[in-house]
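Single-structure report; data block below.
For ligands, and for the atoms within them, numbers begin at 1 and follow the listed sequence. Values reported hereafter were calculated over all heavy atoms of this structure, with side chains retained and with hydrogens, waters and symmetry mates removed. Values in this document were obtained by computation on a predicted structure and should not be read as measured data.
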Amino acid sequence: MLSCEELKARIREVPDWPEPGISFKDITPLLRDREAWRAAVKRMADLCRPFPAEAIVAPEARGFIVASALAYEMGLGWVPVRKRGKLPAATLASEYKLEYGADVLEIHRDALRPGEKVLVVDDVLATGGTVAATLDLVRQLGAEVSAVAFLIELTYIPGREKLAGYEVVSLLKY
Ligand code: AMP
């Protein structure tokens, strides 16, 4: 199985995208390489297995890519969290701050049962804003978060501070 260093070699760093000063971590070369993608999913599953969970919860859009594969590998179902107006049935909402302005994430009201244990998953931990809003939705439904897991963590941004009190794990650190 490919090592984490070999997986990192398949992450393309695009400087100054989408804005000057941002180093964008592009996972598409990792997704394209069947050996690397398989190893990434298996290693994420190994990272998550110590935390018992009945379901995975993930925000759109790249969170879906990771959550779907991870749920399949771990034998779990998963719950999509989407931007406002995208989910068809009754929803709960959580507002979160962006660099400029705010946005709203939603979850289906019937997606989780109170007390159910879940893993919250996304591709990249940057400021932690997206995942904090996702955690708020899980909390509103009364479910329990066993851990928060990321494929990539940007340790030079204090995203973990927003997730104080939660178990946070990540596979590839920058
Ligand atoms: P944040 O809410 O700041 O933790 O980031 C939310 C989402 O933005 C992450 O799930 C990523 O999909 C994306 N993102 C933020 N910063 C980067 C980056 N430097 N490279 C790639 N994706 C990023």
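Residue S23 touches ligand 1 through its backbone alone, judged by heavy-atom distances below 4.0 Å. With a 4.0 Å heavy-atom cut-off, ligand 1 is reached by the side chain of L154 but not by its N, CA, C or O. Counting heavy atoms under 4.0 Å from ligand 1, residue D123 touches it through the side chain alone. Here T127 has heavy atoms under 4.0 Å from ligand 1 in both its backbone and its side chain.
The protein atom (non-hydrogen) at minimum distance from atom 22 (N) of ligand 1 is F24 CE1, 3.4 Å. When only non-hydrogen protein atoms are considered, atom 10 (O) of ligand 1 lies nearest to D122 OD2, 2.6 Å. In terms of protein heavy atoms, atom 2 (O) of ligand 1 is closest to T130 OG1, 2.7 Å. Scanning the protein heavy atoms around atom 20 (N) of ligand 1, the nearest turns out to be K25 N, 2.9 Å.
At least one N or O atom of A126, backbone or side chain, sits closer than 3.5 Å to an N or O atom of ligand 1. Polar contact with ligand 1: present for G128 (N/O pair, distance under 3.5 Å). Every N/O-N/O distance between Y156 and ligand 1 stays at or above 3.5 Å.
Ligand 1 lies nowhere less than 4.0 angstrom from a heavy atom belonging to G159.
For the pair D16 (side chain) and G21 (backbone), a donor-acceptor distance under 3.5 Å is present. Remark: the backbone N or O of E144 is not paired with any side-chain donor or acceptor of E116 at under 3.5 angstrom.
Using a 4.5 Å cut-off between side-chain heavy atoms of Ile, Leu, Val, Met, Phe, Trp and Tyr, with links allowed through other members, V124 and I11 fall into the same hydrophobic cluster. Hydrophobic clustering, with ILVMFWY side chains joined whenever heavy atoms are under 4.5 angstrom apart, keeps L172 apart from L125.
A salt bridge is absent between E106 and R84: the closest approach of a Lys/Arg side-chain nitrogen to an acidic carboxylate oxygen does not fall below 4.0 angstrom. Here E60 does not pair with K83 in a salt bridge; the nearest charged N to carboxylate O distance is not below 4.0 Å.
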Give the intermediate values and the outcome of side chain to side chain contact (heavy atoms under 4.5 Å, CB included) for residues I27 and I152. CA-CA 9 Å; I27 64 169; I152 295 167; 3.8 Å; yes
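Numbered from 1 in the order shown, with element, the atoms of ligand 1 that lie under 4.0 Å from a heavy atom of R62 read 11 (C), 12 (O), 13 (C), 22 (N).
Across V124, I65, V14, heavy-atom proximity to atom 23 (C) of ligand 1 is greatest for V124.
With a 6.0 Å cutoff to the six-membered ring centre and a 45° limit on the axis angle, K8 counts as a cation-pi contact of Y174.
W78 has its ring centre no less than 6.0 Å from the ring centre of Y72.
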